[in-house]
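Report on the following structure.
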Amino acid sequence: MAGQLDLFGNCDGTESGEEVAIAAYVPPKIMVEHLQGAGLTSGRIRLAAELASLEPELSVRQRRAFFAITLLGLEAQGQGSTFVPLGDGDGYVRRRLEELVPRKLADDDKRWQPQQLVEDVRALVERRDLDLIGGESDWKPLIVSKGRLYHQRMMLHETRLVEAVKARLGRSNLERGEEELIAALDEVRKGQPPGRGGEVMTLNPEQEYALLTALHRRLTLITGGPGTGKTSIVVSLLRILVRLGVAPGSVALAAPTGKAANRMAESIYGQLRALDEPAPPDLELLQGLEAPRTLHRLMGYSPRRDRFAHHGANPLPHRMVIVDEASMIDLFLMERLFAAVSPMAQLVLLGDADQLPSVDTGAVLRDLVPEVTSTDAPWRGLLREKLEKRSGVSPTSDAAVRLEKSYRMRAEDPAGRQILVLAQSIRDYDQGPLAPAEPISELTQLASDFEGVHLWEPPSEERGVEDFVDWWFARVLLESSPSKWVGRFNAVYECDEGGQLTENARKKVRRLLKHHSRAQILTLTRVFSRGSEELNRRFHRKMASFGRGGMREDYRFYPGEPVMMLRNDYERDLFNGDHGVVVWCRRRGRTSETPVPTVVFDRSDGVVAHSLGELGDDLEQAFAMTVHKAQGSEFERVALVLPTEPIALLNRELLYTGLTRASRGVLVAGAHKLLEFGAANSTERFSAVREKLRG
């Protein structure tokens, strides 16, 4: 080629005939900028154009259609869908092209009019003589199947997952007699750990049914909102298994993220240690149970090779694998998990199917859990109390259990009840109006330990952000006691020669970590004036005035700041989303040494410390974070900061997830009309997992 084609279809140098032809179907600059504003990256736009150039037998007009449909496929994939729907009378394709093609471009250049593109796309996907588009049995980049356009990789993983699920829908092969099972069940019933409020925990009928299903099935899906007792089911399951002769080491516990795995460990070990009189099997469980790991760690992922050590040909050695926060698992990781678990082992997936789906492709837990679950299995006769009997028609109905009773909805817990009532009214917005949130005109009306749900509509854009940051910093972060917390932020903690904190220092640092984990600011996005990045910048500037002598204003981190990992660091056993705090450390007995900025992270087995210099660019401030990053976490109080205008990310699932991160209090900072908009805007993800399971 005489010149070089850039992203916008322009050439530097003399244009050849080929370049002019390519420029005719590559989107002009105005469209590229419009597409980027709609969330499509330059890489996806370029890839769609390059794929269009690879199909040799197409006219320029047909290449534009090829570019358009490929771009829609990449967009759908980026938004979590596995395919582009073609079988709805072109409705989806037409709607998206009308939104993605700038109106000015369509008016000025008829070649880019959406209606013309839709007609050309329809003709294109019906062809079977192309190198890049084929049918189900073809091995081509784009596949048309049953009115859907897939990227081949998407269809492959979706099909593999469905086949793996079908193969696992059956009874467990673990040998146990019914009398032995009843004896173990009765023993565990009599000696349960205390629950919320200190009272002895008793599993309700739906929890017991979920427990018995997990004992009998090779695949069990347990979904329930916050406070429905999913952890209590896991603890009871583990205690029964060890009484049935299952070695604790043959049970694997896992979660999608390091943060979720740590929380899983805290909850499970906390309940086990709370047993008043642990029996020998319980002590064996405490000593031999492997700590929860990330799914990548469990399956032996190698970043260098980009492969998992455990797969269909080398399955995990465990007899049972229990995975928490399963709503966060995307299509690819879920398919790899099903392949890695031995066909004869049992797989238990727990999560909240109403939460945000995974950041990446798919909404697998939501697709696997049917609308109606069955409660008529033979083991219902082992329940202490009656459970309403119902039958489902989905292939997974017998494997799935929905937990409806929330222990945060009790009369003695009005704060938790208010949060869940609003969250559930958002989840079920199509069925009725939103539950009320108490409006406040001034943030000073709230104490740092506020409870229930409050709505504050900022008086203006700039003033709103400034007032919120000032209030949160003074009342929540410093608890109206600057001298106490500034002293703790700037304290120097002792460490040993290896850089780890001494026992006394760990106790003090845990107090700081616990302080930051009580309350959290959540945002919809990282960007814009009410995104996490801007809020973190503002809090960082306020922290500058509290630093020790010698700290410069341009330091990236100050002691006392909460921070979050941005990537997985397998060497240090740190994972994307892990929370820590920056502190000063000095080796024991070296009082003349200059303190070293250190990052400390809380683990179920203790506090770990790493030099701030070691972690480099892998950290960011975590005064505020996105709702997506908060999945798998629970805080006493949450401030949910809404944007200034309606945006696509403001949706039902995000609001539900953000609200349910809090157990005691929620402050919604934003206009009530935006809350209504989000509740009415449900996430649209296209997946055929549920349909393929049926047939």
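The residues of the chain are indexed from 1 along the displayed sequence.
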Look at the side chain of E325 and the backbone N and O of S633, then say whether any donor-acceptor pair between them is shorter than 3.5 Å.
no
For F677, does the CZ atom sit with more than 12 other heavy atoms under 6.0 Å from it, leaving out its own atoms?
yes
Side chain proximity check, Q116 to R111, heavy atoms < 4.5 angstrom:
no
Would E653 and S682 count as a side chain to side chain donor-acceptor pair (under 3.5 Å) if you check the C-alpha gap in whole Å, the side-chain angles of each, and the deciding distance to 0.1 Å?
CA-CA 7 Å; E653 291 78 11; S682 184; 2.9 Å; yes
Donor-acceptor under 3.5 Å (E55 side chain, L132 main chain):
yes
What are the two closest non-hydrogen atoms of T523 and S532, and how far apart are they?
OG1-N, 3.4 Å
Set out, in order, the CA-CA distance, both residues' side-chain angles and the distance that settles side-chain contact (heavy atoms from CB on, under 4.5 Å) for R64 and W112, then state yes or no.
CA-CA 8 Å; R64 277 196 297 273; W112 289 101; 3.7 Å; yes
Give a yes or no on whether the backbone of V369 and the side-chain of R690 come within a donor-acceptor separation of less than 3.5 Å.
yes
Stepwise side-chain contact (heavy atoms from CB on, under 4.5 Å) test for V638 and L667
CA-CA 6 Å; V638 157; L667 168 65; over 6 Å; no
Taking CZ in R128 as the centre, count heavy atoms belonging to other residues, nucleotides or ligands within less than 6.0 Å. Is the count above 12?
yes
Reported NE2-to-CG distance for the pair H34 and L40, which is rounded to 0.5 angstrom
10.0 Å
Are the side chain of D578 and the backbone of L574 linked by a donor-acceptor contact shorter than 3.5 Å?
no
Looking only at the side chains, is there a donor atom on one of D352 and S327 sitting less than 3.5 Å from an acceptor on the other?
no
Is the backbone N or O of F66 less than 3.5 Å from a side-chain atom of T70, with the two atoms forming a donor-acceptor pair by type?
yes
Could you walk me through whether H540 and E561 pass the side chain to side chain donor-acceptor pair (under 3.5 Å) check?
CA-CA 8 Å; H540 180 64; E561 285 193 313; 2.7 Å; yes
Heavy-atom closest pair, residues N536 and A624
OD1-N, 2.9 Å
So, do R572 and H610 sit near enough that their side-chain heavy atoms are less than 4.5 Å apart?
yes
State, yes or no, whether a side-chain contact exists between T82 and M155 at a heavy-atom distance under 4.5 Å.
no
Is there side-chain contact between D360 and L331, with heavy atoms separated by less than 4.5 Å?
no
Looking at every heavy atom in both L649 and L654, which two are closest together, and how far apart are they?
O-CD1, 3.5 Å
What one should report as the nearest heavy-atom pair of V93 and V84 is CG2-CG1, 4.2 Å
Between L642 and L655, is any pair of side-chain heavy atoms under 4.5 Å apart?
yes
For a 4.5 angstrom cut-off between non-hydrogen side-chain atoms, does V323 reach L337?
yes
When you measure from the side chain of T223 to the backbone of A353, do you find a donor-acceptor pair of N or O atoms at a distance under 3.5 Å?
yes
Under the criterion side chain to side chain donor-acceptor pair (under 3.5 Å), I'd like the reasoning laid out for D306 against Y301: C-alpha separation, chi angles, the key distance, then a yes or no.
CA-CA 7 Å; D306 192 25; Y301 178 70; 2.6 Å; yes
Examine distances only and state if a side-chain atom of D330 and a backbone atom of S358 form a donor-acceptor pair shorter than 3.5 Å.
no
For K140, is the NZ atom crowded, meaning more than 12 foreign heavy atoms sit under 6.0 Å from it?
yes
When you look at F557 and M543, which way does the side-chain contact (heavy atoms from CB on, under 4.5 Å) test go after all the steps?
CA-CA 9 Å; F557 300 100; M543 287 291 290; over 6 Å; no
So that I can tick it off, tell me whether E75 and R44 are bridged by a salt bridge, with the cut-off set at under 4.0 angstrom between side-chain N and carboxylate O.
no
Under 4.0 Å between a side-chain nitrogen and a carboxylate oxygen: does that hold for K104 and D108?
yes
Under 3.5 Å, is there a donor-acceptor pair linking the side chains of K259 and N576?
no
Salt bridge check: are E534 and R537 linked by an N-O gap of less than 4.0 Å?
yes
Mark yes or no: R538 above the aromatic ring of F468, with NZ or CZ under 6.0 Å from the six-membered ring centre and no more than 45 degrees from the axis.
no
Would you say that R526 contacts E620 through its side chain, given a criterion of any heavy-atom pair below 4.5 Å between the two side chains?
yes
Return the CG to OH distance between D428 and Y656, rounded to the nearest 0.5 Å.
9.0 Å
Is D120 salt-bridged to R61, cutoff N-O under 4.0 Å?
yes
T626 side chain to L522 backbone, donor-acceptor under 3.5 Å:
no
Rounded to the nearest 0.5 Å, how far does OG of S529 lie from CD of E466?
13.0 Å
Electrostatic pair R530-E645, nearest N-O below 4.0 angstrom:
no
A quick test of your reading: do over 12 heavy atoms of other residues, nucleotides or ligands sit less than 6.0 Å from NZ of K166?
yes
I'd like to know if the side chain of E158 reaches the main chain of A688, judged simply by a donor and an acceptor atom lying under 3.5 Å from each other, with no hydrogens or angles considered.
yes
F83 six-ring centre to R148 NZ/CZ under 6.0 Å and within 45° of normal
yes
To the closest 0.5 Å, what do you measure between CD (E57) and CZ (R127)?
8.0 Å
Salt bridge check: are D430 and R652 linked by an N-O gap of less than 4.0 Å?
yes
Using 0.5 Å steps for rounding, measure from the CD atom of E335 to the CD1 atom of I329.
12.5 Å
Decide yes or no for L74 and T41: does some side-chain heavy atom of the first lie under 4.5 Å from some side-chain heavy atom of the second?
no
Taking all non-hydrogen atoms of both residues into account, name the closest pair between A648 and N681 and its distance.
O-ND2, 3.3 Å
With no hydrogens and no angle check, do the side chains of Q36 and S42 hold a donor and an acceptor under 3.5 Å apart?
yes
Atom pair OG (S81) and OH (Y92), whose distance is rounded to the nearest 0.5 Å
6.0 Å
Do the side-chain N and O atoms of E136 and S145 include a donor-acceptor pair separated by under 3.5 angstrom?
yes
Presence of salt bridge, R297 and D573, under 4.0 angstrom
yes
Between R685 and Q79, does a side-chain contact (heavy atoms from CB on, under 4.5 Å) hold up when you go through it step by step?
CA-CA 7 Å; R685 284 198 175 187; Q79 294 176 347; 6.0 Å; no
Using the rule given for side chain to side chain donor-acceptor pair (under 3.5 Å), can you reason through Q115 versus R94, listing the C-alpha separation, both sets of side-chain angles and the distance that settles it, and then say yes or no?
CA-CA 7 Å; Q115 180 57 40; R94 177 180 288 104; 3.3 Å; yes
Does atom CG of D617 have more than 12 heavy-atom neighbours from other groups under 6.0 Å away?
no
Is the F539 ring parallel, tilted or perpendicular to the F623 ring (thresholds 30°, 60°)?
parallel
Which heavy atom of T660 sits nearest a heavy atom of A423, and at what distance?
CG2-CB, 3.7 Å
Please check: side-chain N/O of T657 versus main-chain N/O of L356, any donor-acceptor pairing under 3.5 Å?
yes
